[in-house]
Amino acid sequence: MPLLILFAALPLSLLTVARMTWLPMLAVGPALAAATCKPWGVLRVGFFAVALAIALGVRHATSGREQAIFLSALIAVTLASHRASVLRGRRERVLAAVRSVAEAAQHALLKPVPATVGPFQVAVRYSAAAAEARIGGDLYALVPTPYGVRLIVGDVRGKGLPAVSTAALVLGVFSEAAYDEPDLLDVVGRIERSLARTLGPDDFVTAVVVGYPRAGRMEVVNCGHAPPLLVRKSDVISVERTFPAPPLGLSALTDETPSLQVLPFADGDQLLLYTDGVTEARNQHREFYPLIERVARHLSDEPSRTLAALHDELLAYVGGRLHDDAALLLLRKPAGSTSAAECHPPVGGQALSSRSTQRNPWKTSGRTPQPSRCESRDAQ
C-alpha cells in the first residue's frame, strides 16, 4: 500500500496544472509504512519517496528552495515513521509475551476439561470479555473424586487481576476439598471459610457446586448463582433454589446457609451450568439472550456440538463481542453408558432430597474420609 500511494503520484504529476499539489502525497508513503512495515522497510519506502521527489522536481523544473523544503520535510517524516515502527515492534513483542503468560495462566487456572469424565460426556466454552484476555472472573472445574464426579461453576464479583486471584483461590480450595470431604456441603463450607479470611467486605463469589455420588443421583448446592438447566429428553428445566443461599464470602451477613438439592439424573439427561455473562448478554435492542429457548433449539447428543452452536449464536446475538465474561459447562450421561465403576459415598454419607446444613462452619468435623464403594454398572 505505501508503494502504491507513491506510484499514484506519477500520473497525478503529469495531469495536474499546479506542479506542487502532488508533492505532499509522497509523505503519505513512509507515514503509512510505519503501521505496516518493519523499521528497515520504512527506510526503504522513504528512500524511494525521496528519489521520486527529486526526479519529479527535476522534470517540472521545481525551484531549488521549494525542492529543499519539501525534501527536508519528507526526510523528517521518514525518520519519524522509522521511530514509530521501532516502537510498534517493541509493543508487539511485549504483547506477545503478555499473551503467552496469559495462556500459561489460563492452563494453570482453568485446566482443559477432557471430553469424557467418569460416566459423563463433557464440554466447556469460555470467553473473557476483556480485549486480548484469556482469563477473567468466571471459573469452572470438574474433577473425579472418591465420592463421585464433582464440579463447580462460579463468577467472581469484579474484573481484572483481583478477580483472577479470587478465582484461583476458589478453584484451589475446591480441588482439595472435593477429594477430602465426603459431604458436598462440607466442600462448600471449606470454600466459604477460605474466602472469609481473604475477601474484602464488598467481595463475593456466586457459584454452583455439583456432585454425582452414585448412579441416578445428582446433588446441587447453589450459592447465589444462576440456576442450572436440566435437560431431560426435549424439555429444558430451570433448577431453581429450594432455599435461598447467599454467595460465597457473605455468610457472615445472613443466617441463611447453603442447602443440598437432589435431582434424579438418568441416562440421556444433561445438565448445563453457566455464568450471568450468558443470560445477561443483550442484543442491539437491549433484549437479554433467551438461553432456555436457544438450548432447546441447539440440543444434540454431543455436548461439544451443543455448546459450539450456543456460543456462536451468543456472539452473533451481541454483535461479535461480549461485555462480560461468559462460561458454559455441559454434562451429559450417555444412554446405556458403562464405566469402570459407579462410585458410591461411604455408608452414612447419603443426604436427604433438600436439606440445609446447620453445622458450625468454623468447626472441623475431624472425620477421616472413608474409601468409596464402587460397583460396576453391569452388576446393578
Side-chain angles (χ1 to χ4, degrees), residues 99 102-118 120-143 149-156 159 163-164 167-168 170-171 174-175 205-210 212 220 222 225-231 236 238-239 269-283 288-334:
R99 284 177 175 173
E103 290 175 356
Q106 182 191 36
H107 287 295
L109 180 61
L110 300 177
K111 297 180 179 180
V113 175
T116 302
V117 178
F120 297 109
Q121 294 174 319
V122 186
V124 174
R125 284 279 176 161
Y126 180 82
S127 296
E132 304 298 340
R134 297 292 189 275
I135 53 178
D138 288 0
L139 58 96
Y140 63 84
L142 188 147
V143 293
V149 175
R150 288 176 169 176
L151 61 138
I152 183 173
V153 171
D155 187 359
V156 180
K159 292 180 174 61
V164 174
V170 172
L171 291 175
F174 169 77
S175 298
V205 179
T206 65
V208 174
V209 182
V210 177
Y212 186 74
V220 178
N222 192 331
H225 198 75
L229 299 181
L230 177 63
V231 181
V236 181
S238 178
V239 183
D269 289 352
Q270 303 186 55
L271 188 68
L272 176 64
L273 292 90
Y274 54 93
T275 59
D276 59 9
V278 177
T279 53
E280 294 181 2
R282 301 187 185 215
N283 61 10
F288 290 112
Y289 180 69
L291 179 61
I292 294 180
E293 173 188 334
R294 301 306 169 87
V295 168
R297 176 184 301 178
H298 298 294
L299 197 60
S300 71
D301 292 339
E302 296 184 14
S304 59
R305 183 187 302 174
T306 302
L307 289 196
L310 280 174
H311 186 264
D312 293 344
E313 186 182 59
L314 177 63
L315 291 179
Y317 190 83
V318 299
R321 180 178 176 181
L322 294 170
H323 298 285
D324 193 7
D325 302 331
L328 292 158
L329 191 152
L330 181 61
L331 289 176
R332 181 177 183 271
K333 184 80 181 321

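Keep in mind that what you see is a predicted model, and the values were worked out from it rather than measured.
- Residues meeting the side-chain hydrogen bond (donor to acceptor under 3.5 Å, both in side chains) test with Arg282, sequence neighbours left out: none.
- Taking both residues in full, the closest heavy atoms of Val122 and Pro114 are given as CB-O, 3.7 Å, listed atom of the first, atom of the second, then distance.
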*Leu310/Arg294 under side chain to side chain contact (heavy atoms under 4.5 Å, CB included): CA gap, chis, key distance, verdict*: CA-CA 7 Å; Leu310 280 174; Arg294 301 306 169 87; 3.9 Å; yes

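- The CG atom of Leu331 lies 6.0 Å from the CG atom of Leu142; values are rounded to the nearest 0.5 Å.
- No side-chain heavy atom of Leu151 sits under 4.5 Å from any side-chain heavy atom of Val143.
- Side-chain contact check for Val208 versus Ile152: every heavy-atom pair is 4.5 Å or farther apart.
- Residues Pro228 and Asn222 form a side-chain contact, since some pair of their non-hydrogen atoms from C-beta on lies under 4.5 Å apart.
- Partners of Ser238 by side-chain hydrogen bond (donor to acceptor under 3.5 Å, both in side chains), not counting sequence neighbours, listed by chain and number: Glu240.
- With values rounded to the nearest 0.5 angstrom, Asp269 atom CG is found 9.5 Å from Arg332 atom CZ.
- Put simply, CG on Leu271 and CG on Leu273 are 5.0 Å apart, with the number rounded to the nearest 0.5 Å.
- Judged by distance alone, the side chain of Thr306 and the main-chain N or O of Ser300 form a donor-acceptor pair under 3.5 Å.
- Atom CD of Glu280 sits about 12.0 Å away from atom CG of Leu322, to the nearest 0.5 Å.
- Taken to the nearest 0.5 Å, the NE2 atom of His311 stands 13.0 Å off from the NE2 atom of His298.
- Inter-residue side-chain proximity for Val156 and Asp138 is flagged as unmet; no heavy-atom pair is nearer than 4.5 Å.
- Shortest non-hydrogen contact noted between Gly154 and Thr275 is O-CG2, 3.6 Å.
- At a threshold of 4.5 Å between non-hydrogen side-chain atoms, the residues Gln270 and Leu330 count as touching.
- The side-chain heavy atoms of Leu272 and Leu329, taken from C-beta on, include no pair separated by under 4.5 Å.
- For the residue pair Asp155/Thr206, the side-chain donor-acceptor check at 3.5 Å is not satisfied.
- To the nearest 0.5 Å, atom CG of residue Asp312 and atom CG of residue Leu307 are 10.5 Å apart.
- Residues Ala281 and Leu314 share a closest heavy-atom pair of CB-CD1, 3.7 Å.
- Between Val295 and Leu229 there is a side-chain heavy-atom pair separated by less than 4.5 Å.
- For the pair Val124 and Tyr140, the minimum side-chain heavy-atom distance is below 4.5 Å.
- Judged by distance alone, the side chains of Glu313 and Tyr289 do bring a donor and an acceptor atom under 3.5 Å apart.
- Here the side chain of His225 pairs a donor or acceptor atom with the backbone of Tyr274 at under 3.5 angstrom.
- Relative orientation of the Phe120 and Tyr212 rings is perpendicular, given thresholds of 30° and 60° on the angle between their planes.
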